[in-house]
Amino acid sequence: MIELGFGLVILLACVLALKPIITRTERPNFRYIPVATLLFGAMIWLVMAIGVGGKMGIGYGVMSIVYFIACFGAYMYVHTRAS
């Protein structure tokens, strides 16, 4: 259970760091660093969900879905701010 709490803390940190990173970054490709971090986290949660199974696997799967949704939202935010 502690992993899920730690995952939520990382998720919130990535989402909250998104706006300052976008406003301070001069290079356009660096704006996608939080998006890549969220995507990497989603893949880790997905692998853990497949490997563990059971109740914890369901929790990990839900965290993977949450990370994928946050990744898509962060991508849309960066894309609309960039254009």
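Just so you know, these numbers come straight off a predicted model, no measurement behind them. For this chain, numbers begin at 1 and follow the sequence in order.
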*So if you build clusters from Ile, Leu, Val, Met, Phe, Trp, Tyr with side-chain heavy-atom gaps below 4.5 Å, do F68 and W45 land together?*
no
*Any Y67 side-chain heavy atom under 4.5 Å of I44 side chain*: no
*What heavy-atom pair brings G57 and A49 nearest, and what distance separates the two atoms?*
O-CB, 3.4 Å
*According to a 4.5 Å side-chain heavy-atom criterion applied to Ile, Leu, Val, Met, Phe, Trp and Tyr, with indirect links allowed, do V62 and L39 form part of one hydrophobic cluster?*
no
*Mind checking the CG-CD1 spacing from L46 to I50? Nearest 0.5 Å is all I need.*
4.5 Å
*Going hydrophobic residue to hydrophobic residue with side-chain gaps under 4.5 angstrom, can you get from M43 over to M63?*
no
*asked:* Connecting only ILVMFWY residues whose side-chain heavy atoms lie within less than 4.5 Å of each other, what is the rest of I69's hydrophobic cluster?
replied: I65
Please set out all donor-acceptor pairs under 3.5 angstrom arising from side-chain atoms of residues 11-23, sequence neighbours excluded.
residue	atom	partner	partner atom	Å
T23	OG1	K19	O	3.2
T23	OG1	P20	O	3.1

_Working to the nearest 0.5 angstrom, can you tell me the gap between M48 CE and S64 OG?_
10.5 Å
*Please list, chain by chain and in numerical order, all residues satisfying side chain to side chain contact (heavy atoms under 4.5 Å, CB included) with I33, sequence neighbours excluded.*
F30, T37
*Would you call Y32 and Y75 a side-chain contact if the rule is heavy atoms closer than 4.5 Å?*
yes
*Not counting sequence neighbours, which residues clear side chain to side chain contact (heavy atoms under 4.5 Å, CB included) with V52? List them please.*
M56, Y60
_Contacts of type side chain to side chain contact (heavy atoms under 4.5 Å, CB included), residue F72, not counting sequence neighbours_ = M76
